[in-house]
Amino acid sequence: MSSSNHSAALRRLALSVLQPGFVGTEAPDWVLRDIADGLASVVLFSRNIVSPEQVARLTEQLRAENPALIVAIDEEAGDVTRIESATGSSRPGNFALGTVDEAELTESVAADLGRQLRAAGVSLNYAPSVDVNSNPDNPIIGVRSFGADPKAVSRHAAAWIRGLQSAGVAACAKHFPGHGDVAVDSHHGLPRYGAGREEIATQALPPFRASLDAGVRAVMSGHLLVPAYDPDLPATLSRRILHDLLREELGFDGLVVTDAIEMGAVADRYGIDGATVRAVAAGADAVCVGGESAEESVVQVLAGALADAVVSGDLTEERLAEAAQRVRAFADWSTGLARTGSADTDGGAEAPGDGIGFVAARRAVRLTGSAREVLPLSAPPHVVELAPTTNLAIGKETPWGVAAPLTERLPGTTSVRVHPQELHAQDAALEAPVLRTRALEPATGRPLVVVVRDAARHEWMRRALKDLTTARPDAIVVEMGLPGAVTVAPGAAQIFTHGATAASGRAAAEVLTGAGTDAPAAGRS
């Protein structure tokens with residue numbers, strides 16, 4: 001049956017379980033029409049955001065069609081930021097907060113974010129990531145996790161949720177049942193989490209249990225295969241995981257939302273329409289779509305596919321109606337949450353230099369080696385930033401690094417950014433000249449600062465870092481990702497920020513110039 005022949009009631013049900021994105025800083029006509037026809041949610045990405053004030057106008061425009069509209073955003077307040085994608089986050093991410101390991105600080109940072117989002121009209125935030133990053137080679141989670149210890153992650157997940165929701169914005173624990181112990185990015189392929197049920201229960205599930213105990217009312221499914229529960233279907237499409245495990249065993253009765261349904265892990269195998277139908281049939285209540293596929297035609301195809309599935313019997317109308325009812329219940333709850341949240345809506349945004357995010361970023365910095373002896377810098381340095389290709393969760397437009405904030409504080413600082421393709425294309429014999437001309441020669445007679453991001457995960461970066469620090473044993477290394485085993489000169493000065501946000505870059509620049517040398521040594525909190 002074509003979607004044009006579906007009853008209006010069935011189409012409204014189908015539309016109500018979609019959470020689509022769209023292009024533009026004002027609401028397109030098709031989005032407003034779909035809201036009038038039953039669309040109950042939208043999701044914002046960086047392409048929709050110029051400023052918090054503009055977002056507030058946009059959400060007001062959207063809610064003119066439906067005051068209870070769910071407006072979602074994927075804002076982790078770390079390396080993954082949308083509300084501050086143009087400038088970088090003024091708050092540190094989860095790994096930095098886990099490094100400080102003070103639940104009260106985590107709660108305060110999340111509450112600060114919540115106030116900013118609430119003032120902008122956001123009602124649901126696809127955060128926090130409560131994945132336990134037990135695999136250091138994980139290409140998609142990393143510093144988005146609070147850490148590798150399930151107890152610590154549980155503690156901070158609960159604090160983050162309490163903080164965000166205290167400000168009137170609903171949190172969403174992700175990526176169920178745990179995306180931390182995989183080695184494949186689900187944007188491109190299907191990760192496999194091969195642990196047994198007992199290990200999953202002790203390693204991956206505790207933060208989700210803690211999130212439920214903290215009052216989270218939304219959980220996002222992950223696109224990963226967990227054979228201990230379902231050897232055939234990814235979690236997003238698995239009734240055994242979404243219903244039997246999440247609903248029955250963990251007792252969750254809130255909103256289950258999918259990770260972006262166009263991601264390769266599910267869409268490559270089932271098509272975006274097939275994955276949508278299977279997800280709702282498995283127990284998902286809301287389908288996130290539009291990170292990459294943000295056209296009106298996609299929403300119409302998915303609504304039509306859901307309605308067709310009801311007509312064909314592949315999806316029961318009862319399941320679709322149940323999902324729609326959970327969306328309505330969540331909308332009612334989140335609307336009430338916004339009314340009772342903190343009345344302070346400036347979010348600390350008026351004075352970011354003094355905000356809790358910068359305080360937290362400074363407290364997450366750790367020093368090793370000879371850092372205390374060689375800092376502050378005696379002259380403007382040359383900064384070499386080794387820039388990896390980031391995963392799709394991190395906006396390509398989001399700035400990071402130390403060179404910019406350091407230049408503001410120390411005029412005369414120079415910098416260069418080196419990308420992997422500039423080194424991958426050459427053999428080892430040719431690498432040294434490239435590094436010499438772009439990195440070493442400009443630093444002659446001056447301090448050299450080398451900035452890396454997850455160096456232990458990238459062979460080219462490890463090799464370049466070794467070459468640079470061999471040539472300049474006095475180089476100061478700033479690691480803005482996960483600390484790991486890399487080769488530097490014995491006793492080399494190292495600074496660890498535990499994240500690459502703007503706040504973290506500024507904190508590193510302060511340490512380099514002497515404003516933040518009270519940072520503790522690595523391994524101490």
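- With hydrogens and angles left out, the side-chain atoms of Ser129 and Glu76 include no donor and acceptor closer than 3.5 Å.
- The pair Glu104-Arg162 does not count as a salt bridge, with every side-chain nitrogen at least 4.0 angstrom from each carboxylate oxygen.
- Within 6.0 Å of the CD atom in Glu198, the count of heavy atoms belonging to other residues, nucleotides or ligands does not exceed 12.
- We find that Asp467 and Arg472 are not joined by a salt bridge, their nearest charged nitrogen and carboxylate oxygen being 4.0 Å or further apart.
- Residues Ile73 and Tyr126 fail the side-chain proximity criterion, which asks for heavy atoms closer than 4.5 Å.
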Step by step, work out the side chain to side chain contact (heavy atoms under 4.5 Å, CB included) result for Ile476 and Val450.
-> CA-CA 6 Å; Ile476 300 167; Val450 183; over 6 Å; no
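- No salt bridge links Asp101 with Arg363; every basic N to acidic carboxylate O contact stays at or beyond 4.0 Å.
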Salt bridge (charged side-chain N to carboxylate O under 4.0 Å, His left out) between Arg91 and Asp112, intermediate numbers included = CA-CA 9 Å; Arg91 304 170 183 92; Asp112 183 60; 2.8 Å; yes
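- Remark: side-chain polar atoms of Glu385 are paired, donor with acceptor, to backbone N or O of Val402 under 3.5 angstrom.
- No side-chain heavy atom of Val383 sits less than 4.5 Å from a side-chain heavy atom of Thr407.
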Given salt bridge (charged side-chain N to carboxylate O under 4.0 Å, His left out), test Arg462 with Asp454 step by step and report yes or no.
-> CA-CA 9 Å; Arg462 291 197 306 272; Asp454 293 324; over 6 Å; no
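- For the pair Arg144 and Phe95, the NZ or CZ position fails the cation-pi test of under 6.0 Å to the six-membered ring centre and within 45 degrees of the ring normal.
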Would Arg453 and Asp79 count as a salt bridge (charged side-chain N to carboxylate O under 4.0 Å, His left out) if you check the C-alpha gap in whole Å, the side-chain angles of each, and the deciding distance to 0.1 Å?
-> CA-CA 11 Å; Arg453 192 172 181 179; Asp79 289 22; 3.1 Å; yes
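- Under 4.0 Å is where a charged nitrogen must lie from a carboxylate oxygen, and between Arg82 and Glu75 no such pair does.
- The two residues Lys174 and Asp131 come nearest to each other via the heavy atoms O-OD2, 3.5 Å.
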